[in-house]
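Beneath this line is the structure, given in structure tokens, with notes to follow.
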2 protein chains.
Amino acid sequence: MKNKLNRFRKFIKDSDLLFSRERHEIAACVFDLDTHFSADELYLKLKQQGSNVSRATVYRTLDLLVKAKLLSKLQMKQGQHLYENYDGIMHHDHMICVNCGKIIEFSSTEIETIQKQICKKYNFKMKSHMLRICGLCEECQKK
Amino acid sequence: MKNKLNRFRKFIKDSDLLFSRERHEIAACVFDLDTHFSADELYLKLKQQGSNVSRATVYRTLDLLVKAKLLSKLQMKQGQHLYENYDGIMHHDHMICVNCGKIIEFSSTEIETIQKQICKKYNFKMKSHMLRICGLCEECQKK
DNA sequence: TTCCCTGCAAAGCTTTTGCATGCGA
DNA sequence: TCGCATGCAAAAGCTTTGCAGGGAA
């Protein structure tokens, strides 16, 4: 967490930007989360902690964190987005429960390999990829 | 196309709805397309053809077509959606060129198989899934 | 002093919804 | 006649942007 904050500070400095109090506050709050969260949830959490940052600044800082590759942005339905801490080590995908909204992360090197083969076949240069499985989680199936 | 129109008519009748002129017009226009399209593009195409349908009706009818499983709805960035004709035969996924927007469809039974295994492992009941690869298509790499 | 950052409010965009009207069965 | 379907306009929901003021180097 401390480490990520330093990486963010470095990114900001390297981009000739200012590591403002607001950016610090928001980043610290983000790195403190280990779940998927929306911009508004983050904004409310900051408010609750007594912060005075505005929604605009939250959005602007989240963008910076994504650019710094410290955060991933996931498209959800209806123009909503979720963010998640990104460790940059290994790509992972998501299973999303359509009933309770739970998100389960998984990864598969096999799928990654096949994807690469497919890209090669089509001469497509992959920059990113996402796999999402929607359905019912274990608990919700029981209900 | 004629066939899909009949299937849509049947779906509408079976749902105790009316197969109105507008629904006919919109569905015919949709089945005539073989690309991915947005609701607004469809609306404009209809206008261009001299139709007087409103955006609201376009959206409402697209929803019906999705419910009838004659159309798939894809989430794109920024809360936008694209639709594509759905033949119901085989699932396919997409490679999207981030430069020109081209969409290449592909399918992989191997990936489908691995997905099923993963779901089994997590006791997750899959209802749908989507895989998307973003990057550069062949032409755009050359530029 | 310079200029980036912030907050506020307004705008943007796509999609949905309320409501009165109207057409079809 | 009855009621679903439509069109219009407004609302909704999230996100972005313009702008003026404030603060850091």
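So that the names make sense, note that chain A is the first sequence line, chain B the second, and so on, each numbered from 1.
- Legend: residues meeting side chain to side chain donor-acceptor pair (under 3.5 Å) with H91(B), ordered by chain and number and at least two apart, are D93(B), H129(B).
- At least one side-chain nitrogen or oxygen of H81(A) sits closer than 4.0 Å to the OP1 or OP2 atom of dT15(D).
- Residues satisfying the side chain to side chain donor-acceptor pair (under 3.5 Å) criterion with D14(A), sequence neighbours excluded, are K10(A).
- Rounded to whole Å, the distance from CD on E25(B) to C1' on dA5(D) is 14 Å.
- Membership of the apolar cluster around M126(B) extends to M95(A), I104(A), F106(A), I111(A), I114(A), I118(A), Y122(A), F124(A), M126(A), L131(A), I133(A), M95(B), I104(B), F106(B), I111(B), I114(B), I118(B), Y122(B), F124(B), L131(B), I133(B), as traced through chained side-chain contacts below 4.5 Å between ILVMFWY residues.
- Considering only residues two or more places apart in sequence or on other chains, H94(B) meets the ring-ring contact (aromatic ring centres under 6.0 Å, His included) condition with H36(B), H92(B).
- In terms of position on DNA chain C, the residue among Y83(B) and K13(B) whose nearest nucleotide sits closer to the 5' end is Y83(B).
- In this entry the distance linking CD of Q80(A) with C1' of dG13(D) reads 8 Å, nearest Å.
- The separation between K73(B) atom NZ and dT16(C) atom C1' is 10 Å, rounded to whole Å.
- Within the nucleic acid shown, R60(B) comes within 4.0 Å of at least one base atom, counting heavy atoms only.
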The test is side chain to side chain donor-acceptor pair (under 3.5 Å); show your working for N85(A) and K4(A) and say whether it passes.
CA-CA 10 Å; N85(A) 276 278; K4(A) 296 190 93 178; 3.0 Å; yes

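- Residue L136(B) belongs to a hydrophobic cluster whose other members are V98(B), with links defined by side-chain heavy atoms closer than 4.5 Å.
- Listed pair S38(B) / dT14(C) fails the phosphate criterion, with no side-chain N or O lying under 4.0 Å from OP1 or OP2.
- Here dC5(C) presents its P atom at 13 Å from CD1 of I26(A), a figure rounded to the nearest Å.
- K45(A) pairs by the salt bridge (charged side-chain N to carboxylate O under 4.0 Å, His left out) definition with D32(A), not counting sequence neighbours.
- Under the 3.5 Å distance criterion, the side-chain polar atoms of R55(A) are left unmatched by any main-chain donor or acceptor of D40(A).
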Side-chain atoms of residues 56-65 of chain A: list all donor-acceptor pairs with protein atoms under 3.5 Å, sequence neighbours left out, distances to 0.1 Å.
residue: T57(A); atom: OG1; partner: S54(A); partner atom: OG; Å: 3.2
residue: T61(A); atom: OG1; partner: T57(A); partner atom: O; Å: 2.8

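- Within residues 40-58 of chain B, the residues approached by DNA chain D to less than 4.0 Å at the level of any non-hydrogen atom are N52(B), V53(B), S54(B), A56(B), T57(B), in residue-number order.
- Note: CD (E22(A)) to C1' (dA24(D)) measures 11 Å, nearest angstrom.
- Side-chain N/O atoms of Y59(A) include one lying less than 4.0 angstrom from OP1 or OP2 on dT15(D).
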So which protein N/O to nucleotides 10-12 of chain D N/O distances come out below 3.5 Å?
none

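- At the phosphate of dC5(C), OP1 or OP2 sits under 4.0 Å from a side-chain N or O atom of R23(A).
- In this model, the phosphate group of dG23(D) is not approached by any side-chain N or O of S20(A) to a distance below 4.0 Å at OP1 or OP2.
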